[in-house]
Structure formats: structure tokens, C-alpha cells
Amino acid sequence: MSPRPKTPIDTAVRRLVGRTAIAVAIVLGCWSCRTTPTLPASPSGAPYELIVTGNHELSRSEVIELVRANLEDFAREDFREAHLDDAAYDLAKQYRTRGFAFVDIRYHVESREGVVVATLEIQEGPRVRLADVVLDGNAFLETDRLRENFRRSTVLRAEPFDRDTVDAELDSMLDEYRDEGFPDAAAEIEYQFSDDRTSVIARVTIREGGQQRVRDVSFAGVEDVSVSILQEAVKGFLDGPFSRAQLFRMRSVILDEYAIRGHPFVELSEDSFVDPLTGLASVLFRVREGPRSKVREVRIEGNEITSADVVRSRLRLAPGDDFDQSKIRESQERLFATGLFETARLDVTRADPAGDAVDVTAKLRERSPLFTDFRLGYGSFEKARFGTTVGTINLFGTGRRVDVGGRVSSKNVRGEATYTDPFVFGSDTQLEVKSFDERRDEPSFSVARVGGTITLSRPLFEFVRGNFGYSFINSNAFDLQPDIPEDEGPRVDVAGFKWGVTREARDNPANPTSGSYLQFEHETSAFALGADVNFYRLTIAGSTYHELRPETVLGAGVRGGIIAPFGATKQIPIQERFFNGGEASVRSFKESELGPRGTDGHPLGGEGSTTASVELRQAIVDPLQIALFVDAGNVSSRAEQFILRGFRFAVGTGIRFVTPVGPLRVDVGLNPNPRSGEDTYAIHFSVGYAF
């Protein structure tokens with residue numbers, strides 16, 4: 001039978017297959033060259049070969065890379081076996097860091113037909129996991145505290161066993177004892193392996209010894225600063241542990257007392273005596289105060305974009321001022337707080353040999369002034385959410401910020417533009433001007449809002465910031481459900497003054513484990529201020545967090561508000577009312593479904609609302625957490641009926657995947673007492689904690 005004639009398609013396919021095969025061969029060849037490193041060449045050109053046997057965890061290529069320096073020495077120095085011995089040692093060390101505690105590596109060198117053949121025989125043995133660290137003999141320091149030193153090798157982290165790592169952590173534990181005044185603290189460690197040698201328990205026996213404590217601190221050579229001031233500064237060290245670390249801390253406190261009083265070049269030496277019977281220590285500090293200094297010059301370096309005037313407005317020292325170290329620290333903190341700099345350091349140098357004057361140099365490294373921010377999220381009500389913001393943090397080098405952005409979800413579209421002057425007239429007062437245009441779909445209605453706010457804010461106390469501003473918002477509720485009266489969703493202008501205070505004292509606002517947060521805000525909308533509706537609105541939110549033990553956090557939060565009409569206004573428009581239920585409130589309800597409802601069951605909202613939550617978070621395996629929570633909340637139809645009763649509850653559990661910007665969260669909230677028409681549970685997917 002004659003062959004089928006080739007068509008143009010056949011020819012094209014054959015060419016494609018052929019060229020693809022050639023390309024694959026080239027890629028594989030290049031990959032082979034890249035992943036199969038050659039042996040270091042001998043300077044004399046003498047041929048040699050390396051044979052690796054018994055390796056399963058590491059490939060031959062990885063073995064060569066790990067001991068390349070040893071092989072280079074081996075080839076360069078006429079194949080001396082000592083370098084192969086070093087290679088075997090270094091390779092075994094690498095295996096042990098991967099958990100192969102019983103690895104055994106042997107080597108030999110022979111000549112085969114004029115070729116030097118070096119062989120590494122690897123017996124890997126089983127991979128070992130550290131099952132537990134058991135501590136015994138500790139009376140002064142608690143076991144949980146000591147176990148923190150072994151966190152890198154705990155069973156929860158599923159780390160392979162590495163004896164060197166555990167030994168280093170043991171040294172860290174003993175350093176902690178010495179810091180607490182136990183100079184003779186010692187420990188022995190015994191490793192108990194399982195029968196199959198795949199796990200090990202480290203048993204640590206501690207001998208604490210006696211503790212040394214500070215009995216008294218005295219001073220010699222003090223002239224300008226009174227002894228009573230120095231005694232007060234070190235008062236907290238008395239009857240505390242005596243150790244080299246504590247001496248260093250005392251020195252730092254004394255030097256700081258002098259530095260904030262204008263003496264930056266104090267010289268200190270100390271003598272100490274420890275009573276061998278009581279362990280009580282007496283410490284004598286000898287002081288050479290040096291002169292009191294003034295600031296001669298303030299220099300600024302590294303500000304390629306930022307105006308020098310902006311930098312100086314953040315500094316707390318100027319030429320002619322008395323030197324004060326506390327103002328140096330405060331200036332650095334103020335420079336960092338601007339967000340304009342990656343690093344900001346203030347160096348102090350002698351301006352003359354005597355030290356009567358100092359120069360202060362602000363050494364800066366600026367951040368890029370332009371930024372783009374993208375945000376992705378998900379909520380059980382809004383579903384997928386996307387947001388973006390673009391702008392500059394340093395407009396024309398003035399430190400002012402301008403940004404535009406928006407966010408989009410299936411229920412919400414919002415665009416906004418913001419202008420921020422973080423230090424109005426060089427002060428700590430911040431001015432923010434914001435405009436926005438938004439449409440949002442709620443369970444009972446949709447609302448379109450357009451407006452803007454002007455806000456002034458400034459620090460009041462430590463952690464506390466106050467704000468005052470004016471806002472104007474045109475608000476239009478539409479697509480009301482049939483059981484919502486039409487007169488409850490008019491087009492209205494809300495305009496008036498807002499003021500409030502915020503106290504932010506959490507260790508990490510995105511992932512708090514300790515500290516607290518409190519926010520209070522009051523708003524007045526009135527005809528005289530440009531509004532169509534008169535009301536007072538008061539909101540408050542607070543939360544507190546406590547680390548019960550490492551990786552276990554108990555959080556509690558309360559949020560509430562009340563809005564009350566006055567004057568000619570008799571009813572609050574539905575778009576300004578409070579709603580409850582959802583991923584960030586009572587989690588046994590879907591979004592806004594807790595509270596008064598219309599005849600067909602749609603949420604009506606109310607003039608008052610409260611939510612209280614308690615949540616226990618437990619880390620499982622980094623970055624996963626589990627949580628147990630209880631929520632309680634209510635909604636009051638009228639402000640005058642706002643009282644703490646009629647609460648509905650949620651009892652539930654959840655999983656969190658912790659990220660630097662907050663957790664990805666799944667919560668299941670059970671309704672312990674569902675009413676007619678209510679669900680027995682709700683599932684919420686969201687980003688960020690509920691409070």
C-alpha cells in the first residue's frame with residue numbers, strides 16, 4: 001500500500017514536534033549543567049573522581065555544593081586526605097541540622113588506573129524529631145518561662161532534632177539564670193531516644209545555685225547632679241538580682257540621668273563586693289561628670305526630597321539649647337512618626353575638645369514618596385472585596401499626603417480622595433480633608449452617599465489622640481423593601497460637627513496580643529449647620545487583650561451607640577440607624593439581621609445598639625489559630641428605649657490564618673435560642689478580627 005501523501009499540516013506538525021524536542025533537549029541540558037556542578041579542578045590537571053554513596057536526603061549535586069570549599073582544598077593540595085576528613089565532618093554537621101542525629105560518614109581515597117577516586121560513604125540513619133523538653137530542678141524560674149528558650153525546637157513547630165540547636169538553647173536558658181543573679185547555675189542534658197530512634201526527649205537537670213542580690217548602690221565623684229537623683233534612678237535595682245547584665249542596665253540608667261541634664265560625656269567605673277554568706281552585693285559607681293553641654297549646631301543629612309524645614313519642625317533641639325538626651329530620643333520618634341523615612345538617627349558629637357558644646361546631626365534615609373496599595377478580602381455578606389489606593393506621602397517635599405483610591409465588592413462601590421497635612425504650621429496638629437462617593441446595598445435597602453469631611457486631630461496624652469471636624473453628606477436611600485415605609489428612606493443632607501478621642505495602646509493593632517483600645521465619638525447634625533435632619537449620635541468602642549500564656553490570647557470587646565432626633569426631626573432615616581448581626585458583631589446572625597424587622601421580616605435597624613464579645617484565641621501551628629467566642633448584642637427601636645436588655649447571643653468557634661495585615665477568618669456562630677424565622681447558625685468568611 002502506498003504511503004499517504006504528506007499534507008502541509010503534516011509537515012507543520014512534524015516540524016513543530018521536532019523543534020519542540022530540540023528545545024526540550026536544550027533546556028534539559030542546560031538544567032543538567034546548572035544542577036550538576038562540576039568538581040573543582042586540580043591545579044596540576046591531575047584527573048580525579050568523587051563517588052557519593054548512601055545519600056537519600058541530599059543529592060550528589062547538593063553534597064558537592066555543601067563541601068565545595070573542602071574539595072577545592074583537596075584538589076589544590078595534591079589530594080590530601082585531611083581535606084576529605086574536613087568534608088566528611090562538615091557534611092555530617094549539615095545532616096544533623098536536618099534531624100539525622102545518627103549520621104555516619106566515612107571516606108577513603110584510592111588510585112584506579114591513574115585516576116584518584118575519593119569516596120564518601122554516607123549512612124544517614126533515621127530522621128529524628130524532638131518530642132519534648134523536660135525540665136527538672138528549677139525552683140526560682142518557672143518551667144513555662146524556661147521552656148520559652150526552647151521554642152525553636154518545640155514539638156508544636158515540628159522541627160527536626162538538632163543537638164547543636166538544643167545545646168545553644170540550653171546556653172540561652174543559663175544566660176537567663178545568670179541575668180537573674182545565679183552565677184553558678186548549671187545544667188546537664190540527657191537525650192532519651194525512642195526504640196526506632198525517630199524521636200527523642202531532652203531531659204534537662206538544672207542546678208540553680210545561690211542567688212546574688214543588690215543590697216546598696218553608692219556614688220563617688222558626683223558634683224553637678226545630686227546623689228539623691230541618682231539614688232532614685234537606681235532605686236528599682238535594690239534587692240533585685242545582681243549580675244553583669246544588671247550592672248550594665250544600672251550604668252545605662254545613670255548615664256541617661258546625666259544625659260537628660262546636659263552631660264553627654266560622663267565616664268563611669270564601678271566596684272562591687274558580694275558577701276559570700278548572704279549573696280548580697282554592694283556597688284560603688286565612680287563618676288567623672290564632664291562639662292554641661294549646649295547644642296552648637298544642628299545638621300541634616302540625607303533629605304534629598306524632604307524640606308529641611310519639615311525635618312526641623314520635628315526636632316526638639318535647636319542651636320543654643322541645653323543638651324538633653326530625652327529630646328534626642330523624642331526627636332527620633334517624631335521623625336519616624338512622619339512615615340517619611342526608612343531610618344532616622346540623631347548623632348551627637350563634641351563640638352570642642354572640652355565638650356562644652358555638641359553638634360547634633362540628623363542622618364536620614366527617605367522612603368519613596370510614591371505608593372500603591374492593593375487590598376484583597378472576603379466577607380460573608382460582601383463576598384470578594386478589592387481595594388486600591390495610589391498617592392504620595394511627601395507632596396513637593398512638604399510631608400503632606402495626597403491619595404485617591406476606592407474599593408469594590410458585590411455590595412459596595414466607593415471612591416475617595418484625601419489630602420493630609422500631618423503637622424499644620426509645624427505643630428503636632430493634623431489636618432485631613434476627605435471627599436467620597438459611595439453606593440452600598442444593605443439587606444433592606446440601598447444607599448448612595450456623596451460628601452466630605454474636614455478634621456483636625458492631635459495627640460493629647462500618651463496613646464491618646466483627639467479630633468474635631470465638620471462633615472457634609474448627601475444621603476439617598478432607595479430600593480427599599482416593600483415592608484419598609486417610604487418615608488423612612490428619604491434623600492437627606494447630614495451635616496454637622498464631630499469630635500472624639502481615641503486611645504490606642506495595643507501591641508499590634510492588626511494582630512493584638514496585649515494592650516487595649518478605646519474610641520469615643522460624638523456627632524451633631526442640625527439644620528443650622530446645613531443639614532435636613534437634627535440628631536445627636538454617640539458611639540463608643542473598646543477592647544482589651546491579655547496573653548494568658550504563650551500563644552494563648554483572651555480578648556474582650558464592647559461596641560455601642562445611640563442616635564437621638566431633636567427639634568423638628570421626629571424620626572431617624574433608615575440609612576443613619578444602627579444595625580447588628582454579622583461577621584463583626586453577633587456572629588450567629590447574618591449581616592444586619594438582629595433587631596426589629598418589618599412585616600416581611602426585613603431589618604429596620606434602631607436608634608440604639610450594643611455588642612459585647614469575648615474570644616479565646618489559641619495558636620496551633622504557625623500561622624494557624626483556633627478560637628472560641630461568645631457574642632451578645634441588641635438593637636433598640638427608639639433612643640429613649642435604649643437599655644441593656646433584649647440581648648441575643650452567639651456561641652461559636654473559628655479558624656484564623658494569621659497574616660501581617662490581619663487574619664483570614666472563618667467563624668461558625670450558633671444561635672442558642674432561635675426565634676421564628678431565625679437561622680440556628682451562621683457561617684462567616686472574612687479578613688481581620690471581629691474586634
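Residue numbers run from 1 in the order of the sequence given. Worth saying up front: this structure is predicted, and the values here are computed from it rather than measured. Just the heavy atoms: all of them, side chains too, but no hydrogens, waters or symmetry mates, feed the values below.
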Cut-off 3.5 Å, side chains only: do Arg559 and Ser543 have a donor facing an acceptor? no
Arg375, CZ atom: more than 12 neighbouring heavy atoms under 6.0 Å: yes
Side chains of Tyr95 and Glu124, donor plus acceptor under 3.5 Å: yes
Minimal heavy-atom distance between Leu170 and Ala187, with the atoms involved, is CD1-CB, 3.9 Å
Within a strict 4.5 Å, meaning less than it, do heavy atoms of the Phe219 and Val234 side chains meet? yes
List the atom of Val348, the atom of Val360, and the distance in Å for their closest heavy-atom pair. CG2-CG2, 4.4 Å
Tell me every residue that passes side chain to side chain donor-acceptor pair (under 3.5 Å) with Asp184, counting only those two or more places apart in sequence or in another chain. none
Can you check side-chain contact (heavy atoms from CB on, under 4.5 Å) on Phe102 and Asp104, steps first, answer last? CA-CA 6 Å; Phe102 300 99; Asp104 182 30; over 6 Å; no
Between Thr205 and Asp136, does any side-chain donor sit less than 3.5 Å from a side-chain acceptor? no
Could you give all pairs that pass the salt bridge (charged side-chain N to carboxylate O under 4.0 Å, His left out) test and reach residues 191-209, with sequence neighbours left out? Glu188-Arg207
Sequence neighbours excluded, the answer for side chain to side chain contact (heavy atoms under 4.5 Å, CB included) partners of Gln519 is Thr502, Tyr517
Check Tyr177 against Ala185 and note the closest heavy-atom contact, atom names and distance. CB-CB, 3.6 Å
Identify every side-chain donor-acceptor pair in residues 650-664 under 3.5 Å, counting partners at least two apart or on other chains, and give the distances.
| residue | atom | partner | partner atom | Å |
| --- | --- | --- | --- | --- |
| Thr653 | OG1 | Ala627 | O | 2.8 |
| Arg656 | NH1 | Asp667 | OD1 | 2.6 |
| Arg656 | NH2 | Glu615 | OE1 | 3.2 |
| Arg656 | NH2 | Glu615 | OE2 | 3.2 |
| Arg656 | NH2 | Asp667 | OD1 | 3.0 |
| Arg656 | NH2 | Asp667 | OD2 | 3.4 |
| Thr659 | OG1 | Val661 | N | 3.4 |
| Thr659 | OG1 | Gly662 | N | 3.4 |
| Thr659 | OG1 | Gly662 | O | 2.3 |

Under 3.5 Å donor-acceptor, Ser194 side chain and Ser199 backbone: yes
Judged by atom type as modelled, is there a donor-acceptor pair below 3.5 Å linking the side chain of Gln231 to the main-chain atoms of Val217? yes
Compare every heavy atom of Ala101 with every heavy atom of Phe193, then report the nearest pair and how far apart it is. CE2-CB, 4.5 Å
Gln246 side-chain N/O to Ser243 backbone N/O, donor-acceptor pair under 3.5 Å: no
Residue set satisfying side chain to side chain contact (heavy atoms under 4.5 Å, CB included) with Pro512, at least two apart, ordered chain then number -> Arg506, Asp507, Tyr545, Arg617, Tyr689
Ile393 and Gly339 have their tightest heavy-atom pair at CD1-O, 3.4 Å
My understanding is that only residues two or more places apart in sequence, or in another chain, count here; which of them pass ring pair (Phe, Tyr, Trp, His ring centres under 6.0 Å) with His83? none
Check whether any side-chain heavy atom of Ile122 sits under 4.5 Å from a side-chain heavy atom of Glu57, and report yes or no. no
Expected output: side-chain Gln332 to main-chain Leu346 donor-acceptor under 3.5 Å: yes
Side chain Ser252, main chain Phe248, donor-acceptor under 3.5 Å: yes
Any Leu58 side-chain heavy atom under 4.5 Å of Leu91 side chain: yes
Under the rule for ring pair (Phe, Tyr, Trp, His ring centres under 6.0 Å), what residues qualify as partners of Phe242, not counting sequence neighbours? none
Okay, side chain of Gln211, backbone of Glu180: is any donor-acceptor separation there less than 3.5 Å? yes
Residues forming a side chain to side chain donor-acceptor pair (under 3.5 Å) with Arg96, sequence neighbours excluded: none
Looking at Ser293 and Gly355, would you say the former's side chain and the latter's main chain have a donor-acceptor pair under 3.5 Å? yes
How would you list all residue pairs meeting salt bridge (charged side-chain N to carboxylate O under 4.0 Å, His left out) that involve residues 233-249, not counting sequence neighbours? Asp179-Arg249, Arg213-Asp239
Going by heavy atoms in the side chains, are Phe237 and Val253 under 4.5 Å from each other? yes
Sequence neighbours excluded, the answer for side chain to side chain donor-acceptor pair (under 3.5 Å) partners of Arg314 is Asp428
Under 3.5 Å side-chain donor-acceptor pair for Gln325 and Arg329: no
Would you check if Gln94 and Glu62 make a side-chain contact, meaning some heavy-atom pair closer than 4.5 Å? no
With side-chain contact (heavy atoms from CB on, under 4.5 Å) as the test, would you mind laying out the steps for Thr97 and Asp164 before giving the verdict? CA-CA 8 Å; Thr97 63; Asp164 290 341; 5.8 Å; no
Between Thr611 and Asp631, is any side-chain donor less than 3.5 angstrom from a side-chain acceptor? no
With salt bridge (charged side-chain N to carboxylate O under 4.0 Å, His left out) as the test, would you mind laying out the steps for Lys327 and Glu330 before giving the verdict? CA-CA 5 Å; Lys327 292 184 178 180; Glu330 186 180 353; over 6 Å; no
Does atom CD of Glu342 have more than 12 heavy-atom neighbours from other groups under 6.0 Å away? yes
State which residues pass ring pair (Phe, Tyr, Trp, His ring centres under 6.0 Å) with Tyr258; sequence neighbours excluded, sorted by chain then number. His263
Could you measure the distance from the CG atom of Asp224 to the CZ atom of Arg261? Nearest 0.5 Å is fine. 10.0 Å
Ignoring hydrogens and geometry, is there a side-chain-to-backbone donor-acceptor pair from Thr544 to Ala556 under 3.5 Å? no
Polar side chain donor-acceptor pair, Glu121 to Thr53, under 3.5 angstrom: no
With sequence neighbours left out, what residues match Phe140 under ring pair (Phe, Tyr, Trp, His ring centres under 6.0 Å)? Phe182
For side-chain contact (heavy atoms from CB on, under 4.5 Å), just list the numbers for Glu232 and Glu257, CA-CA rounded to whole Å, side-chain angles, deciding distance to a tenth of an Å, and then say yes or no. CA-CA 10 Å; Glu232 183 66 24; Glu257 287 295 326; over 6 Å; no
What closest approach, in Å, do Ile105 and Ala92 show between heavy atoms, and which atom pair accounts for it? CD1-N, 3.5 Å
Decide yes or no for Asp132 and Arg147: does some side-chain heavy atom of the first lie under 4.5 Å from some side-chain heavy atom of the second? yes
Of Arg251, Glu289, Met250, which is the lone residue that meets side chain to side chain contact (heavy atoms under 4.5 Å, CB included) with Leu268? Arg251
Go through the steps for Lys93 and Asp90 under the test salt bridge (charged side-chain N to carboxylate O under 4.0 Å, His left out), then give the verdict. CA-CA 5 Å; Lys93 190 173 181 179; Asp90 291 343; over 6 Å; no
Are Ile206 and Leu141 close enough that some pair of their side-chain heavy atoms sits under 4.5 Å apart? no
Could you tell me if the side chain of Leu230 sits less than 4.5 Å from the side chain of Ile254, heavy atoms only? yes
